[in-house]
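Everything below concerns the one structure shown next.
Residue numbers begin at 1 in each chain, while the letters A, B, ... track the order of the sequences. Bear in mind the structure is a predicted one, so any value in this text is a computation, not a measurement.
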Amino acid sequence: MTTTEKSDFIREIIDEDLRSNKNEGRVHTRFPPEPNGYLHIGHAKSICLNYGIARDYNGKFNLRFDDTNPEKEEQEYVDSIIEDVKWLGGDFEDRLFYASDYFEQMFQYAVDLIKKGKAYVCDFNGDEIRASRGTLTEAGKDSPYRNRSKEENLDLFSRMRKGEFPNGANTLRAKIDMASPNINLRDPIMYRIVHEGHHRQGEAWCIYPTYDWAHGLEDSIERITHSICTLEFENHRPLYDWFLENLEIYHPQQIEFARLNITYTILSKRKLLQLVREKHVDGWDDPRMPTIAGIKRRGYTADSIKVFCDKIGISKKDSTIDVAMLEWSIREDLNKNAQRAMAVLNPIKVVLTNYPENKTEELSAVNNPENESAGTRMVPFGRELYIDRDDFREVPPPKYYRLSPGTEVRLRYAYIIKCEKVIKDADGNLIELHCTYDPATKSGTETANRKVKSTIHWVNAAKAVDAEVRLYDRLFLKENPDEVEEGKDFLSNLNPNSLQVLKNCKLEPMLGQASPGDRFQFERTGYFCADVKDSKSGALVFNRIVTLKDTWAKIEQKGKK
RNA sequence: UGGGGUGUAGCCAAGUGGUAAGGCAGCGGCCUUUGGAGCCGCCACUCCCAGGUUCGAAUCCUGGCACCCCAGCCA
């Protein structure tokens, strides 16, 4: 751990509040998701911020479902959100709350406001409300129902609750100012009638509070000190404050920060839902999804996500983080922590013509060069091997260091071999390579240190374990997936090659023991994770988390330009 | 020609009147039995623009400009 203290404008506000003893020294934050979808990496930023603040200031952190709209919310989402928050280390202890548990209290607060003459039942329908709201540049008009008596309002409101009116028949509105330049203050709706079962309340209610009305109450009831949300709610802060002031109840401070955007990815719940519903991906936990579930299944560690969130910072500037930053965070973690292994993704057979027919050797391989305590393992060698197709070129391009006819490479942890002959079938397809090995170059021996241009990975053909490997790439082709031609939508930017399935991969024997969720570095290739859903012993499936940095690919790209 | 925000490198981001941190990306080089990792170096004479105040301005003032958010009985 570093000793440098984290700071950002929100922590500065908290420091100042602490200095002035604003909340008796308390710091209490919350993460308030609506259970209408799975959490994504943008939510991770918020969780890390809110939980991180509570942790760093010895405060408390609540998980609270903002479940005020039964039309969109489901138990499945509640379950997934709880799991994901925990996975990210957001420790809410016993403080798991639901806004719907406060419905009765909210109703009473609404009655208070009516009694104070600051709320009224409006019989306008949706169109009428919209028409009377005015525009950005013109004031709205007062509703004809605005000056009903308190008694009539109380009566109507209780009848709304009883279910005497159909959906949309009327609403409870705050009486603020129809001429306010801030449209949110033009008599905003507090309750609407929705005859629909709620995932926790069942049929108990048919009026539901709106976000603006409910959110500050939730924060107040939980004695939240700092209510942190994203920038689009900045315009709503005057309303947040108005309700709490007029109710004369505990008043948390709302603070807004910029939400996360990442290149080549989409972080809109609506669009992610669409990807799932229309089956452009295999579900919320598809490893290409930026959901926590997807990222987790892809093989990202919770630590890497936390580091990522720390690195990107907190500010009020609209920003788009380069996806390379996310990829860096997982490489950084796994470079230090992942067990190394040799895996041949696209095999070509290599026969060592001068290696004895039935001989095998066990060679020592390092498990993690970044961590000596990870030790070594034995890897079987033999006369017939597989190497990767990428590691052989019949006609090597400039600066190609790997195997080609007549050249030598080192087989990692084994011998230097030389390509003597290329065997092809009648159609000219490459079948196998005949090579010779140099017995004097066995790794670890005194005569081994002859220099060759490169070292490649391999597996023993007879002992290899078969596996399916799924190569994932970015889901979208464009840096900004929402940038589209007239008449098209973000789906037109989907990357048709975001998933490539390799069925004939050959792995070193040790990988046969991999359990679902285990992560490895396949040397020279990338980081991989045994799929938690589909990988089974005897039928292994690995997901590529991220490639290793590929200097050769870069050189080759430049050569083509 | 309503209101609320935001402008510091390709992308993030420190900076709070004393002469532009750091990370990612990129580019060189060293090293290497992973073209991985690591190491070293380079990468803003200038902070959206224009004026002004000051010995001194990214920081203060004035005036512009650009971008984002708001007209759901969504959150």
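- Of all nucleotides present, only B:G41 satisfies the Watson-Crick or G-U wobble test against B:C27, with each distance under 3.5 Å.
- At the phosphate of B:U33, OP1 or OP2 sits under 4.0 Å from a side-chain N or O atom of A:Lys451.
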**Asked** What string of B, S and - do you get for nucleotides 1-6 of chain B, 5' to 3', if B is base contact, S is sugar-phosphate-only contact and - is no contact with any protein heavy atom under 4.0 Å?
**Response** -BBSSS
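- Across all strands, A:Ser319 comes closer than 4.0 Å only to sugar-phosphate atoms, never to a base (heavy-atom distances).
- Classification of B:G23 as anti follows from a glycosidic angle more than 90° from 0.
- Between A:Phe124 and A:Arg410, the residue anchored closer to the 5' end of RNA chain B is A:Arg410, taking for each the nucleotide with the nearest heavy atom.
- The base of B:G23 lies outside donor-acceptor range of the side chain of A:Glu332, with no N or O pair under 3.5 Å.
- Between the side chains of A:Asn50 and A:Ser46, at least one donor N or O sits under 3.5 Å from an acceptor N or O.
- At a threshold of 4.0 angstrom between heavy atoms, the contacts of A:Ile312 are confined to the sugar-phosphate backbone, with no base atom among them.
- Side-chain atoms of A:Ser220 do not come within 3.5 Å of backbone N or O of A:Gly216 as any donor-acceptor pair.
- Side-chain nitrogen and oxygen atoms of A:Lys549 include at least one within less than 4.0 Å of the OP1 or OP2 phosphate oxygen of B:A37.
- Ion pairing of A:Asp482 with A:Lys271 is present here, as a side-chain N (NZ or NE/NH1/NH2) and a carboxylate O approach within less than 4.0 Å.
- Residue contacts for A:Tyr208: at a heavy-atom cut-off of 4.0 Å it reaches no nucleic acid atom on any strand shown.
- Close placement of the A:Tyr415 and A:Phe381 rings is indicated, their centers lying within 6.0 Å of each other.
- Along RNA chain B, the nucleotide closest to A:Ile193 and the one closest to A:Phe9 are compared, and the more 5′ of them pairs with A:Phe9.
- Within the 4.0 angstrom heavy-atom criterion, base atoms lie near A:Ile129.
- Looking at heavy-atom distances under 4.0 Å, A:Lys554 makes contact with sugar-phosphate atoms alone, never a base.
- Remark: P of B:A14 and CG of A:Asp310 are 13 Å apart, rounded to the nearest angstrom.
- Look at B:U19: it lacks any Watson-Crick or wobble partner with both distances under 3.5 angstrom.
- You'll find that the side chain of A:Ala324 is closest to B:A25, out of B:C73, B:A25, B:U34.
- Per the geometry, CD belonging to A:Glu479 stands 15 Å off P belonging to B:A25, to the nearest Å.
- Atom pair A:Tyr527:OH and B:U34:C1' shows a separation of 10 Å (rounding to whole Å applied).
- Using the six-membered ring where Trp is involved, A:Tyr38 and A:Trp284 have ring planes that are parallel, under 30° apart on the 30 and 60° scheme.
- At a threshold of 4.0 angstrom between heavy atoms, the contacts of A:Thr210 are confined to the sugar-phosphate backbone, with no base atom among them.
- Taking the six-membered ring for Trp and thresholds of 30 and 60 degrees, A:Phe542 and A:Phe520 have ring planes more than 60 degrees apart, a perpendicular arrangement.
- Within the 4.0 Å cut-off from OP1 or OP2 of B:G72, at least one side-chain nitrogen or oxygen of A:Arg133 is found.
- A:Arg270 has its CZ atom 14 Å from the C1' atom of B:A75, to the nearest Å.
- Spacing between atom CG of A:Asn167 and atom P of B:G72 amounts to 19 Å, rounded to whole angstrom units.
- Looking at heavy-atom distances under 4.0 Å, A:Glu12 makes contact with a base.
- A:Phe520 places its CZ atom 19 Å from the C1' atom of B:A37, with the value rounded to the nearest Å.
- Looking at A:Asp67, its side chain does come within 3.5 Å of a backbone N or O of A:Ser100 through a donor-acceptor pair.
- As judged by a 4.0 angstrom heavy-atom cut-off over every strand, A:Asp212 is placed among residues making no nucleic acid contact.
- Shortest non-hydrogen contact noted between A:Ala99 and A:Glu218 is CB-OE2, 3.2 Å.
- An OP1 or OP2 oxygen of B:G36 is reached within less than 4.0 angstrom by a side-chain nitrogen or oxygen of A:Thr551.
- Within 4.0 Å (heavy atoms only), A:Tyr191 reaches no atom of the nucleic acid at all.
- Within the 4.0 angstrom heavy-atom criterion, no nucleotide atom of any strand lies near A:Tyr415.
- Within the nucleic acid shown, A:Gly526 has no heavy atom closer than 4.0 Å to any nucleic acid atom.
- Between A:Arg192 and B:C74 there is a side-chain N or O to OP1 or OP2 distance below 4.0 Å.
- The residue A:Thr320 sits close only to the backbone: its heavy atoms come under 4.0 Å of sugar-phosphate atoms, none of a base.
- Between A:Phe65 and A:Tyr98, the angle of the ring planes stays under 30°, which puts this pair in the parallel group of the 30/60° scheme.
- Distance, A:Asn184 CG to B:C74 C1': 13 Å, rounded to whole Å.
- You won't find any donor-acceptor pair under 3.5 Å spanning the side chain of A:Arg524 and the base of B:U34, going by distance alone.
- Glycosidic conformation of B:C30: anti, with the torsion beyond 90° of 0.
- For A:Ser315, a side-chain nitrogen or oxygen approaches OP1 or OP2 of B:A13 to under 4.0 Å.
- Within 4.0 Å of A:Ile416, counting heavy atoms only, lies no atom of the nucleic acid at all.
- Between A:Glu222 and A:Arg30 there is no salt bridge, since no side-chain N of the basic residue sits under 4.0 Å from a carboxylate O of the acidic one.
- Using the six-membered ring where Trp is involved, A:His236 and A:Phe233 have ring planes that are perpendicular, over 60° apart on the 30 and 60° scheme.
- Within 4.0 Å of A:Arg340, counting heavy atoms only, lies at least one base atom of the nucleic acid.
- The pairing partner recorded for B:G2 is B:C70, the criterion being a Watson-Crick or G-U wobble arrangement whose two distances lie under 3.5 angstrom.
- Side-chain proximity of A:Thr68 to the nucleotides B:G28, B:G35, B:A75 is greatest for B:A75.
- In this structure, CD1 of A:Ile10 is placed 12 Å from P of B:A13, rounded to the nearest angstrom.
- Judged by distance alone, with hydrogens and angles left aside, A:Arg130 brings no side-chain donor or acceptor close enough to the base of B:G72 to form a pair under 3.5 Å.
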